[in-house]
Amino acid sequence: MPRPAPADAEPPLLIACALGIERWALRGGKADGPRPPVVTLRTGMGPQAAERALDSALREGAATARSPVVASGFCAGLAPGMRPGDVVVAEATRDHRPEAHDVVCRDNGPLLEALGRRGLTVHTGLLRGSDHIVHGAERAALHAAGAVAVDMESAATLRAAQRAGPRPVAAVRVVVDAPEHELVRIGTVRGGISAFRVLRSVLPVLFEWHRSLLLPRR
């Protein structure tokens with residue numbers, strides 16, 4: 001568990017991801033300028049693990065009551081034409097429960113601008129949560145219901161973050177498989193390498209977003 005953040009320090013950015021390879025990518029990216037205070041939290045897979053890890057990190061002081069929280073890592077694209085290495089910036093997240101409410105991501109402007117400057121292909125929209133890996137018809141049904149991508153942790157992470165107190169939240173995911181590039185098909189390794197490289201390149205964008213939140217609002 002990361003060390004508690006000093007109460008009077010600049011609020012650290014908390015980046016939550018599920019997998020070791022995601023944490024490796026997110027810790028290994030280079031910052032454009034001074035590296036801000038950051039906590040990279042590996043939650044484990046699935047919505048329950050993500051929620052428990054986030055609750056514990058905030059309760060034990062790894063981040064402060066003002067810390068922005070980003071859910072990041074890989075995801076499955078749902079829209080035709082999406083490719084491994086595309087980036088998804090959630091306008092909102094919604095978990096897998098029938099009674100779930102959207103968590104709206106209201107501070108996406110700096111993220112979209114910074115990603116655009118890097119020439120990445122970016123999709124925005126609803127990021128759905130699931131408690132299992134989805135394929136085929138289930139993936140098509142989620143897209144028909146309005147989602148652009150799906151993963152297992154983002155919605156639970158952001159829900160837990162906002163339950164602990166009002167704060168900026170975001171979900172920035174890199175597509176590792178898509179309708180025409182599912183993980184079970186040949187080319188998985190190539191798609192995974194592409195997604196890993198893009199995820200590493202996203203880290204300075206998250207830092208830029210964090211800095212923008214500290215600027216006075218006009």
Side-chain angles (χ1 to χ4, degrees), residues 13-19 22-23 26 39-58 63 67-79 82 86-112 114-115 120-134 138-178 195 198-199 202-203 205-206 209-210 213:
L13 172 65
L14 196 158
I15 304 174
C17 58
L19 304 176
E22 294 170 332
R23 190 168 187 258
L26 289 163
V39 175
T40 307
L41 176 69
R42 180 184 173 185
T43 66
M45 287 183 65
Q48 292 182 336
E51 194 164 355
R52 284 195 303 266
L54 213 290
D55 283 341
S56 178
L58 295 176
S67 285
V69 172
V70 178
S72 195
F74 302 128
C75 69
L78 300 176
M82 295 179 86
D86 288 1
V87 180
V88 174
V89 177
E91 294 178 352
T93 62
R94 185 189 307 158
D95 72 23
H96 62 284
R97 300 171 303 163
E99 72 278 11
H101 298 288
D102 290 2
V103 175
V104 179
C105 304
R106 304 183 186 281
D107 301 285
N108 279 344
L111 286 171
L112 296 171
L115 289 166
L120 297 170
T121 301
V122 181
H123 307 267
T124 63
L126 176 64
L127 177 60
R128 283 298 304 267
S130 176
D131 59 357
H132 59 277
I133 295 173
V134 301
E138 188 177 7
R139 178 177 296 197
L142 288 173
H143 178 54
V148 296
V150 59
D151 77 273
M152 292 195 288
E153 296 84 26
S154 291
T157 296
L158 300 195
R159 186 178 68 248
Q162 290 207 328
R163 186 174 61 235
R167 69 186 70 239
V169 294
V172 181
R173 293 273 175 175
V174 177
V175 174
V176 74
D177 71 329
V198 172
L199 184 59
V202 161
L203 187 64
V205 173
L206 303 183
W209 178 72
H210 178 253
L213 297 172

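What you see is a predicted model; the values in this text were computed from it and never measured.
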Partners passing side-chain hydrogen bond (donor to acceptor under 3.5 Å, both in side chains) against [X] (at least two apart in sequence or in another chain):
X    : answer
H123 : D86
Q48  : none
D55  : R163
R94  : D102

Student check: side-chain heavy atoms of [X] and [Y] closer than 4.5 Å:
X    : Y    : answer
L199 : R173 : no
V70  : T157 : no
I15  : V39  : no

Which heavy atom of [X] sits nearest a heavy atom of [Y], and at what distance?
X    : Y    : value
E91  : T124 : OE2-OG1, 3.3 Å
H96  : R128 : CA-NH2, 4.2 Å
A170 : C105 : CA-SG, 4.0 Å
A195 : V174 : O-CG1, 3.6 Å
L127 : A90  : CB-CB, 3.8 Å
V169 : V104 : CG2-O, 4.1 Å

Run the salt bridge (charged side-chain N to carboxylate O under 4.0 Å, His left out) test against R159 and tell me which residues pass, sequence neighbours left out.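 Salt bridge (charged side-chain N to carboxylate O under 4.0 Å, His left out) list for R159, sorted by chain: E51, D95.
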Just verifying a value: how many Å separate [X] [atom1] and [Y] [atom2], rounded to the nearest 0.5 Å?
X    : Y    : atom1 : atom2 : answer
L54  : L158 : CG    : CG    : 8.0 Å
C17  : M45  : SG    : CE    : 12.0 Å
R139 : L78  : CZ    : CG    : 6.5 Å
L41  : L14  : CG    : CG    : 5.5 Å
L206 : S72  : CG    : OG    : 5.5 Å
D107 : L112 : CG    : CG    : 11.5 Å

Within 6.0 angstrom of H101 NE2, more than 12 heavy atoms from elsewhere: no
Distance-only polar pair, side chains of R167 and S67, donor-acceptor under 3.5 Å: no
Any donor-acceptor pair under 3.5 Å linking the side-chain atoms of E138 with those of H143? no
Checking E22 side chain against F74 main chain: does a donor-acceptor pair fall under 3.5 Å? yes
Output yes when a side-chain donor or acceptor of D151 lies under 3.5 Å from a complementary backbone atom of S154, and no otherwise.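 Present.
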Going by the rule side chain to side chain contact (heavy atoms under 4.5 Å, CB included), which residues pair with P68 if we only count those two or more places apart in sequence or in a different chain?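 P68 satisfies side chain to side chain contact (heavy atoms under 4.5 Å, CB included) with L13, P168, W209, H210, L213 only.
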Could you give me the CA-CA distance, side-chain angles and deciding distance for R97 and D131, then say whether salt bridge (charged side-chain N to carboxylate O under 4.0 Å, His left out) is met? CA-CA 9 Å; R97 300 171 303 163; D131 59 357; over 6 Å; no
Tell me, with the steps shown, if V175 and V87 meet side chain to side chain contact (heavy atoms under 4.5 Å, CB included). CA-CA 6 Å; V175 174; V87 180; over 6 Å; no
